[in-house]
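A note on names: the letters A, B, ... follow the listed sequences, proteins ahead of strands, and every chain is numbered from 1.
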Amino acid sequence: MEKTFNPSEIEQSLYQSWEEQGYFSPTGEGDGYSIAIPPPNVTGSLHMGHAFQQTIMDTLIRYQRMQGKNTLWQTGMDHAGIATQMVVERKIAAEEDKTRHDYGREAFIDKVWEWKDESGGTIGKQMRRLGNSIDWSRERFTMDDGMSEAVQEVFVRLFEDDLIYRGKRLVNWDPKFHTAISDLEVENKDKKGHMWYLRYPLADGVKTAEGKDYLVVATTRPETVLGDTGVAVNPKDDRYKNLIGKHILLPLVNRLIPIVGDDHADMTKGSGCVKITPAHDFNDNEVGKRHDLPLINILDKNAAILASAEVYKNNGEPSTAYSTELPSEFAGLDRFVARKAIVAKFDELGLLVEVKDHDLVAPYGDRSGVIIEPLLTDQWYVRTAPLVGPAVAAVETGQIEFVPKQYENMYNAWMRDLQDWCISRQLWWGHRIPAWYDENGGVYVGRTEAEVRAKYTLSADIVLKQDDDVLDTWFSSALWTFSTLGWPSNVEDLKKFHSTDVLVTGFDIIFFWVARMIMMTMHFIKDENGQPQVPFKKVYVTGLIRDENGDKMSKSKGNVVDPLDMIDGIALDELLEKRTGNMMQPKLAAKITKLTKKEYPAGIEAHGTDALRFTLTSVASTGRDITWDMKRLDGYRNFCNKLWNASRYVLMNTEEQDCGKIVNGQQGEMEFSLADRWILGQFQQTVKTVHESFEAFRFDLASQALYEFTWNQFCDWYLELTKPVLFKGSEAQQRGTRHTLVTVLESLLRLMHPIMPFITETIWQRVVPLSNFVADDKGNESASIMVQRFPQFDESQCDQTAIDDLEWVKQFIVAIRNIRGEMDISPSKELPVLLKNVNANDQRRLDENQQFLSALAKLDSITVLADNDDAPLSATAVVGDLSVLIPMAGLIDKEAELARLTKAIDKLEIDAQRTRGKLSNEKFVGKAPEAVINKEKAKLADAESALAKLAEQMVQISAL
RNA sequence: GGGCGAUUAGCUCAGUUGGGAGAGCACCGCCCUUACAAGGCGGGGGUCACUGGUUCAAGCCCAGUAUCGCCCA
């Protein structure tokens with residue numbers, strides 16, 4: 001073996017061989033265990049968040065596979081409507097100076113597929129490098145044929161069940177992409193703006209209570225006055241309540257609009273009068289509905305002012321309530337240009353009262369970055385009310401559990417206020433809506449045009465045109481768990497693997513995806529008793545991985561990290577190129593360059609996949625975001641190296657030696673040391689902790705237990721304790737220790753494998769032939785570690801006496817090392833040691849472990865003093881009742897020893913003081929449980945006995 | 001404004017029925033000891049954000065305050 005672990009040499013070929021052997025596919029034996037990957041967006045590449053979640057998923061899958069389950073990790077990608085279309089549009093603009101309209105719909109979609117084929121591979125490559133044990137043969141894409149069939153089927157059935165309808169409603173309109181987007185794709189941001197106070201003349205000579213012939217309305221969007229169809233005042237507002245039912249003559253358009261009483265008008269804010277524009281504001285839209293105000297649309301798809309308005313009734317039908325005429329001077333002006341023009345006009349007319357600075361919240365499209373415009377359009381909706389009930393109940397009854405629990409509140413809160421879901425998008429890339437229109441606007445829904453004609457008995461001469469719009473990407477994603485398993489055409493796998501066992505995802509996606517998956521799945525998938533099936537039983541919600549400053553990682557900030565750069569390393573200049581090349585906003589490049597140089601002055605070193613995965617599981621405590629810490633990754637790379645070298649030591653001492661392997665039913669005689677018996681027990685405790693931690697999704701605790709055992713027990717103590725045996729022990733003792741070495745290492749590798757697949761496989765292949773582990777039922781020892789059984793807790797291997805004895809041995813050794821360290825005695829200097837107050841148990845332990853003590857504490861002699869023997873002047877430590885003395889002559893300076901003793905005494909005294917205080921408190925002694933009191937008493941006795949011994953030494957030494 | 005979360009060593013974080021404050025990294029000292037210097041041995045370091053309450057006992061439970069973050073309106 002190489003002296004240093006080199007991950008790059010092993011990882012890729014191992015993965016390839018696993019994949020070729022078909023180890024990632026379900027075995028067909030055992031209970032089903034499945035996880036559906038949250039499909040990454042096809043436009044992207046994986047970032048640290050993906051690596052984090054996928055490491056957790058793979059750890060679970062590998063663990064369950066080794067537990068004998070029939071595991072399926074289902075993967076795939078999401079077609080990401082807007083994002084993908086945007087990328088390809090930008091590409092053809094840059095490369096060919098063309099728009100999608102130059103291509104036409106079909107040719108453009110071909111172009112997108114072409115792009116998908118070349119770009120979609122990036123993610124697959126990354127996933128493989130992460131070691132993910134995914135069944136690639138079942139990889140799915142939300143736009144592939146099977147998924148499309150499922151989408152169509154769901155749409156048609158929902159329509160038939162009256163759960164889908166079409167309507168003219170106010171939507172979040174993205175004026176850049178010309179499509180509706182959902183509430184969830186809107187980011188509300190704080191912004192500095194203005195509040196304009198406008199004078200609205202009262203009609204018919206009416207006056208306010210104060211005798212004025214106008215009202216003042218306050219608005220942040222003066223350009224929408226052209227669409228006003230009312231003014232609201234609060235019905236309790238004495239200033240204006242007598243005006244309810246009267247009218248305003250709206251400036252600029254001379255439109256007579258009613259004054260209505262509505263609680264929406266807040267008496268304490270602004271003037272207390274609110275202009276109502278039902279076609280351009282969500283709140284106003286609600287007010288309009290309550291008072292049956294018509295809707296006047298004044299904006300086109302670019303959010304520019306129309307030449308003539310569109311007037312609608314509340315049910316979406318055209319209305320003749322108002323003229324469609326608009327002032328020609330504003331026609332075609334963009335909304336923000338129009339705003340200035342309209343304010344100027346009000347000013348000119350003497351109707352602008354004042355302008356104040358105002359903090360407001362503006363909605364931005366999360367993809368386009370432009371301000372979203374509420375716009376009246378025809379869209380398709382899913383009626384959510386009937387779907388919510390079962391979806392909420394599933395969480396209430398525990399059929400679905402969130403980990404951590406607090407996310408259930410978030411889910412419930414969102415479900416409670418759920419609006420109907422707008423599912424149509426005015427894009428080309430996506431599932432086209434299976435609805436056809438005749439020339440009179442009649443709508444027919446069906447799987448195909450032929451089906452529609454048959455179903456509605458439409459004669460061949462009726463011209464039908466399919467809806468141009470496509471479905472929201474999340475509509476197809478909502479079907480993910482069951483459509484990937486073959487629904488609707490094939491339900492065999494559904495029986496085996498659905499419901500999936502756990503969904504691992506970020507909290508930011510609970511609404512987008514998790515809630516919608518639950519609703520859709522429960523509506524369409526029923527178990528054998530006709531009960532709705534949930535898509536997954538557990539939802540493990542991960543926090544975000546933030547950069548080292550605690551900032552969210554994002555492309556625009558340039559702080560995104562490619563997990564492969566952590567694995568393979570990357571030079572600074574390459575990293576800079578990656579972060580600043582091909583940027584949408586080149587002006588940010590300088591800032592990103594600066595930040596990157598500060599964060600990674602020398603680029604990133606290679607760490608390997610196992611170290612990355614171990615880091616990710618180590619930080620996976622539940623319910624909080626993670627601040628990425630490069631030092632942790634460095635530390636766990638060192639850990640890999642430690643494991644590597646420990647294994648190297650084991651192999652150097654066991655390969656081509658008799659390790660007690662059973663051959664032809666014969667096994668050499670073995671004698672086990674205390675250390676052998678101890679390490680087996682320690683290992684079992686680790687096995688137990690790892691199981692418990694995995695079951696509780698506490699990957700951090702599992703990692704910690706593995707780290708602690710491997711480094712602090714196995715390497716620091718056990719390997720050192722094997723040296724005296726291997727160098728000096730009898731044949732049977734050597735065989736016993738070699739046997740224990742290979743047994744523990746072999747099992748430890750299996751225990752670690754779910755988290756660190758590569759290094760464990762590599763070492764295991766070398767170790768397993770030395771052990772008595774039977775690799776599979778067929779006796780095939782060359783099979784992979786990944787298909788072996790996971791270690792199970794075996795209490796019979798926990799020998800409490802061995803554990804106690806070895807703890808004593810450790811304390812003895814540490815006591816001497818402490819004196820050495822504090823007194824600057826060279827570690828190579830062999831020391832004589834004298835012992836006082838040796839009780840029977842100490843004597844037994846001494847007799848049994850002399851070899852260990854001498855070797856690890858570097859002693860040249862151990863002498864037990866009789867009670868009446870005078871000890872020479874010595875440095876002293878206390879182990880239980882035992883005093884350990886190291887003669888000072890020629891080694892130790894008097895002052896130094898006095899200082900050391902003082903320090904030790906002070907420390908003990910503080911503890912003793914506190915314990916004495918407790919025990920002298922009557923209330924404590926009266927009320928605390930006996931066990932606690934006894935523990936305190938024992939603690940005090942120990943401290944006092946140690947104190948007495950040290951104090952005695954103080955006296956002796958200072959007397960000199 | 002409503003809800004949720006966080007606040008523990010210099011940094012990043014554990015601390016699960018309330019009962020001796022922990023880890024990794026960083027720091028200090030010694031050591032290239034034949035598995036590992038990506039290492040070994042030893043050591044220092046915390047008013048557990050603050051205030052009050054419950055309790056014999058509070059990092060942990062309760063109430064409130066502050067600061068930071070997230071979600072919703």
Is the count of non-hydrogen atoms from other residues, nucleotides or ligands lying under 6.0 Å from [X] atom [atom1] greater than 12?
{"X": "A:K728", "atom1": "NZ", "result": "no"}
{"X": "A:E695", "atom1": "CD", "result": "yes"}
{"X": "A:Q419", "atom1": "CD", "result": "no"}

Whole-Å gap separating [atom2] ([N]) and [atom1] ([X]):
{"X": "A:F727", "N": "B:U33", "atom1": "CZ", "atom2": "C1'", "result": "11 Å"}
{"X": "A:M1", "N": "B:A35", "atom1": "CE", "atom2": "P", "result": "14 Å"}
{"X": "A:M553", "N": "B:C70", "atom1": "CE", "atom2": "P", "result": "16 Å"}
{"X": "A:I825", "N": "B:G43", "atom1": "CD1", "atom2": "P", "result": "14 Å"}
{"X": "A:D634", "N": "B:G39", "atom1": "CG", "atom2": "P", "result": "10 Å"}
{"X": "A:E720", "N": "B:G39", "atom1": "CD", "atom2": "P", "result": "15 Å"}

Would you please confirm or rule out a distance under 4.0 Å between OP1 or OP2 of [N] and any side-chain N or O of [X]?
{"X": "A:K829", "N": "B:C41", "answer": "no"}
{"X": "A:R624", "N": "B:U7", "answer": "yes"}
{"X": "A:R416", "N": "B:A73", "answer": "no"}
{"X": "A:S826", "N": "B:C31", "answer": "no"}
{"X": "A:K3", "N": "B:A37", "answer": "yes"}

Base, sugar-phosphate or nothing for [X]? Non-hydrogen atoms, less than 4.0 Å.
{"X": "A:K723", "answer": "base"}
{"X": "A:T915", "answer": "nothing"}
{"X": "A:C715", "answer": "base"}

Quiz item: So, does A:D547 use its side chain to make a donor-acceptor pair with the main chain of A:M553 at under 3.5 Å?
Solution: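 No, the answer is negative, given that no donor and acceptor are paired below the 3.5 Å cut-off.
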Practice problem: Check whether any side-chain N or O of A:T737 sits under 3.5 Å from a backbone N or O of A:Q734 as a donor-acceptor pair, and report yes or no. | Solution: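 Flag not set: sc A:T737 to bb A:Q734 has no pair under 3.5 Å.
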Quiz item: Between A:E548 and A:A646, who's closer to the 5' end of RNA chain B by nearest nucleotide?
Solution: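 Closest to the 5' end, via its nearest nucleotide, is A:E548.
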Quiz prompt | Whichever of A:S647 and A:V361 has its nearest RNA chain B nucleotide further upstream toward 5' | solution =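 Its nearest nucleotide being more 5', the pick is A:S647.
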Self-check item: Any side-chain donor near an acceptor of the partner, A:S703 and A:T617, under 3.5 Å
Solution: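 Indeed, the side chains of A:S703 and A:T617 share at least one donor-acceptor pair under 3.5 Å.
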Rounding to the closest angstrom, what is the interatomic distance between [N] and [M] at atom [atom1]?
{"N": "B:G2", "M": "B:G45", "atom1": "P", "value": "45 Å"}
{"N": "B:U8", "M": "B:C72", "atom1": "C1'", "value": "31 Å"}
{"N": "B:G52", "M": "B:G15", "atom1": "C1'", "value": "25 Å"}
{"N": "B:G40", "M": "B:C32", "atom1": "P", "value": "16 Å"}

Quiz item: At what distance, to the nearest 0.5 angstrom, does CE of A:M823 lie from CZ of A:R900?
Solution: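 Answer for the CE-CZ pair, A:M823 versus A:R900, is 5.0 Å.
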What is the base-pairing partner of [N], counting Watson-Crick and G-U wobble geometry with both distances under 3.5 Å?
{"N": "B:U54", "result": "none"}
{"N": "B:G20", "result": "none"}
{"N": "B:G5", "result": "B:C68"}
{"N": "B:G29", "result": "B:C41"}

Quiz item: Does the pair A:R546/A:D551 count as a salt bridge with the N-to-O cut at 4.0 Å?
Solution: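 No.
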Self-check item: Carboxylate-amine/guanidinium contact A:R648 A:E2, below 4.0 Å
Solution: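 Between A:E2 and A:R648 there is no salt bridge, as every charged N stays at least 4.0 Å from the carboxylate O atoms.
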Quiz item: A:F614 pairs by side chain to side chain contact (heavy atoms under 4.5 Å, CB included) with which of A:L633, A:I755, A:I759?
Solution: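 For A:F614, the side chain to side chain contact (heavy atoms under 4.5 Å, CB included) test succeeds with only one of A:L633, A:I755, A:I759, which is A:I755.
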Quiz item: Is A:K642 side chain donor-acceptor paired with the B:C36 base, going by distance under 3.5 Å alone?
Solution: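 Present.
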Quiz item: In this structure, which one of A:Y540, A:Y407, A:Y411 forms a ring-ring contact (aromatic ring centres under 6.0 Å, His included) with A:F402?
Solution: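 Going through the options one by one, the only one that passes is A:Y411.
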Can you figure out which of [options] approaches the side chain of [X] most closely?
{"X": "A:D716", "options": "B:C71, B:A38, B:G40", "answer": "B:G40"}
{"X": "A:T627", "options": "B:C13, B:C71, B:A35", "answer": "B:C13"}
{"X": "A:R817", "options": "B:G42, B:G15, B:C36", "answer": "B:G42"}

Every protein N/O within reach of nucleotides 19-29 of chain B N/O, cut-off under 3.5 Å:
none

Quiz item: What parts of residues 648-656 of chain A reach RNA chain B, counting only heavy atoms under 4.0 Å away?
Solution: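 A:R648, A:Y649, A:M652, in order of number.
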